[in-house]
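Notes for the one structure printed next.
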Amino acid sequence: MQSPSPQQPQPQQPQQAWQQAPHQAQVPHQQGGPAGGAAGAPPVYGDRSPTTFHQVAMGRVMRIGRALENELVVSDLQVSRLHAEFTATPDGRFQIRDLGSHNGTYVNGQPIPKSGTVLLGPTDIVGVGHSTFRLVGDRLEEFVDTGEVSFSARHLTVTVDGGKQILKDVSFGVPEKSLIAVIGPSGSGKSTLLKALTGYRPANQGDVLYDNRNLYKQFAELRQRIGLVPQDDILHKELTVKKALKYAAKLRFPADTTEAERQQRIDEVLGELKLDIHKEKKVTSLSGGQRKRVSVALELLTKPSLIFLDEPTSGLDPGMDRDVMQLLRGLADDGRTVLVVTHSVAELAICDKLLVMAPGGSVAYFGPPEEALNFFGYTTWADVFSAFENYRDYDWAGRWRGSQHYQMYAADIDAVAAQPVHMPSPQQMRPPKPQGWGSQLWTLIRRYVSVIVSDKGFIGLMLVLPAVLGIVSTVIPADSGLGFGPERNRLINKDAGMILLILAVGACFSGAANSVRELIKERVIYERERATGLSRSAYLMSKVIVLGVITALQGVILAAIGFGARAKLPTEGVLLEEYPVVEMTLVISAFGFTSMMFGLVISALVKTAEKTMPLLVMFAIVQLVFTGVLFQLHDSPGIEQIAWLMPSRWAVAALGTTAQLNVVAPWDPDNLDGLWDHTAGQWVTDMGVLLGIGVLCGFVVVRLLRRHEPEVMRK
């Protein structure tokens, strides 16, 4: 039977389907009135009763933390051993003081300064890890977030530059322990919706409510309870499953957690997801479905109550698709709310609710998945998606709002008027770092070294590349050296500049090749870790240190081969007078380092890894041209000034200073290149500018990294 087009009247829905609609699955509209016991107090967890009560006596200090010596022990790895304390003031009021906790102490969702104190009012709510506290008289009520939380979006609208709306008035609500699927054609705003729901890119209008708490206004606290699994794997495939989770736990848990505590949590997650037998395997050796389980395991380390997944079944065969969806069903049944964006429609029946997005970013349907096809009047999802494409200008959202399904499943959520988003200050929204800068840096360095050591191909390339480039420099005959003959002022080596050029370009290519893919290949990992409190500067510095050491060693290999083949070498340096070869080796390593920093700029700039190689080749060729050896650069107006921006110009100038190119191979004996003067001051200037360009590249990378971060993390 031919399915009706959208222009035709909405088909009559079978009465039986309405009678079977599970009324219990609806989320009641709540006006934000009192809950949990205290009259006039804001809701903490919907209308739940407190998990437990504690008596607070006047004049008594009640410390909160993970350690057993606290008066109030919170068994949560997100909580520091000594986290905070309640104390009474002389006038009978209470205050909360942070004890230098790693993940912060929050009052009404806003972080208080580390080691700071805040006076509490009768309606104030204190957040510590997954627990929330409220003072009612002399009684302290504790609410523990065990994962069974409701979640709703109200009138989410996202507008981009030019006033175009890519998400239009999206409202829906889901109860606790639910699995919700989001489907829709390309251009329907699924990715934008996911960013709005997680707080990565807050909507311009509307609210996201985490159990009646505004996610945007309390993001710093609530982000600890939200897990996000992007479409691409958020782990290093060269590491074993156990080691990948080990470093993730080290970065996400407070610095005072012990190795045993972290390992216990890792073992719990591996057991829950049935990954025990794979923990010693490299991630790259796992199947697509198993890798997705590891990504989920990484997010489960911190026990999130709400988990979002973006296309977790993309690229998987039907069997793995089913396994992943059944995994998500199990996560929801265990007491979590799970929302998955997917293109696969094969396993929608196991979901509690289905959200269908229409072209343009509006809601076309929200309700039980088994009633969706009947609602649209088609027999297959292929027909529904074809209708979306063929009738892009049709008012799908209006059809939805005029339906009986809307009255049953969304009208109560949609009834609240749309409100503009009044965001707290960036400092209030930005979550604290669970680790200190130095601790993060050390963990990142160890992880990066582990990744490199695990990649035998990369290690081999790092050793072979400078060796081959050094050997290439020996093509110039050995008797063509860099030194002088018996008559010092008599030029005997027209090839000196060319030898230095080959060695310098070899260092340039090696250094840039080391780093040109490093940031782009980890972009998804960086985005997710940045949202959990990773320091941007610590992340970049870990790359600079590890790659800098590797590049410096490559420079030594390159110089050892290139200079070792020469019969004639400079007899004196400008700073290290007796060791001119060491002086030139330092320059080659410094040029490799600056080129490595340029490689990081390229890696942070491009959108895909495929674009890095053409830019790498272009960079190397440009450096070759502006060395000052192929043609005369000094006294060339315009070209000389452009050359000052090129690290190769200063690198070859420093080499030429030691090798005395103004004597050995001058362009014009009557018009010498000032950057080649054989003086200590000129050598220091050349090296200083060369390294300064590398440092400047570091600042550029920092700015470029901001583009790939959650909006709330940008400074």
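Remember, it's a predicted structure, so these values are computed and weren't measured experimentally. Side chains included, hydrogens not; waters and symmetry mates left out as well; all remaining heavy atoms used.
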Ring centre gap for Tyr526 and Tyr539 strictly below 6.0 Å: yes

Output field: ring centroids Phe172/Tyr406 closer than 6.0 Å: no

Residue list, ring pair (Phe, Tyr, Trp, His ring centres under 6.0 Å) with Tyr365, at least two apart or on another chain: Phe375, Trp400, His405

Leu179 and Asp352, any side-chain heavy atoms less than 4.5 Å apart: yes

His155 side chain near Asp207 side chain, heavy-atom distance below 4.5 Å: no

[X] with [Y]: basic N within carboxylate O range, under 4.0 Å:
X      : Y      : answer
Asp211 : Arg225 : no
Glu311 : Lys190 : no
Arg213 : Glu221 : yes
Arg134 : Glu141 : yes
Arg399 : Asp395 : no
Arg706 : Glu709 : no

For residues 313-321, run the donor-acceptor check on the side chains, cut-off 3.5 Å, and write out each pair with its distance to 0.1 Å, sequence neighbours left out.
{"from": "Ser314", "atom 1": "OG", "to": "Gln231", "atom 2": "NE2", "distance (Å)": "3.3"}
{"from": "Asp317", "atom 1": "OD1", "to": "Gly319", "atom 2": "N", "distance (Å)": "3.0"}
{"from": "Asp317", "atom 1": "OD1", "to": "Met320", "atom 2": "N", "distance (Å)": "2.8"}
{"from": "Asp321", "atom 1": "OD2", "to": "Ser344", "atom 2": "OG", "distance (Å)": "2.4"}

Nearest heavy atoms of Leu245 and Leu301, plus distance in Å: O-CD1, 3.9 Å

Option from Glu299, Glu529, Glu522 for which side chain to side chain contact (heavy atoms under 4.5 Å, CB included) with Ile234 holds: Glu299

